[in-house]
Amino acid sequence: KRWITINEAWTVSVNGHGTGIHAPGHHSNTEPYIVGHNLLLAHGEAASIYRTEFAHQRGLIGISNSGDFRYPLTTSKGDREAAERAMLFQMGWFSDPIFLGDYPSEMKERLGSRLPEF
C-alpha cells in the first residue's frame, strides 16, 4: 500500500494563497508561508499516525511535491545563485523540513518573520 498525505503543497500554498489563481483565490505575501507550514505539520501528523496505528499494513506514506528545475540564464554567479534560490523556494520549502528538520536558511534569511518556525 502506498499513500500520499498532501498533493503539491507548493501549488496549494502559492497559487491558492499568494497569486490567487487557484481556490480560494487569496492574494497575500504572507499567507502562502502560513498555509505551507500548516500543510507540512498536517503531513507530519498524518504520517506519524499511519506509521504507528497502521503499521500492520506495511505500507509507505509520503508527500507529493511539485517542482520545476531552474536553469541559470547565464553562467554568471548571480544567475546561478538565482536558479538555486528558486529551487530552494519551491522544492526546498517542502522537502528540507521533512528530510533536514527545518526550512532552507536562504528562505529564513529572506522571509524573516513571514516564515513560521517549527
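Between Arg80 and Glu84 no salt bridge is recorded (no basic side-chain N to carboxylate O distance below 4.0 Å).
Residues satisfying the ring pair (Phe, Tyr, Trp, His ring centres under 6.0 Å) criterion with Phe99, sequence neighbours excluded, are absent altogether. Legend: residues meeting ring pair (Phe, Tyr, Trp, His ring centres under 6.0 Å) with His26, ordered by chain and number and at least two apart, are His17.
In the hydrophobic clustering of this structure, Phe94 groups with Phe118; members are Ile, Leu, Val, Met, Phe, Trp, Tyr whose side-chain heavy atoms approach within less than 4.5 Å, directly or through other members. Follow the hydrophobic side-chain contacts under 4.5 Å out from Leu39 and you never reach Leu88; the two are in separate clusters. Residues Val35 and Phe89 are members of one and the same hydrophobic cluster, defined by side-chain heavy-atom contacts under 4.5 angstrom among Ile, Leu, Val, Met, Phe, Trp and Tyr.
For the atom pair CG of Asp102 and NZ of Lys108, the computed distance is 3.5 Å after rounding to the nearest 0.5 Å.
Contact of the Pro116 side chain with the Tyr33 side chain is registered, since non-hydrogen atoms from C-beta on lie closer than 4.5 Å. For the pair Leu41/His37, a side-chain contact is recorded, criterion being any heavy-atom separation below 4.5 Å from C-beta on. By the 4.5 Å heavy-atom criterion applied to side chains, Trp10 and Pro32 are not counted as neighbours. For the pair Leu60/Lys1, no side-chain contact is recorded, criterion being any heavy-atom separation below 4.5 Å from C-beta on.
Relative orientation of the Phe69 and Tyr71 rings is perpendicular, given thresholds of 30° and 60° on the angle between their planes.
For the pairing with His43, the side-chain contact (heavy atoms from CB on, under 4.5 Å) check across Ile4, Asn38, Ile98 returns one residue only, Ile98.
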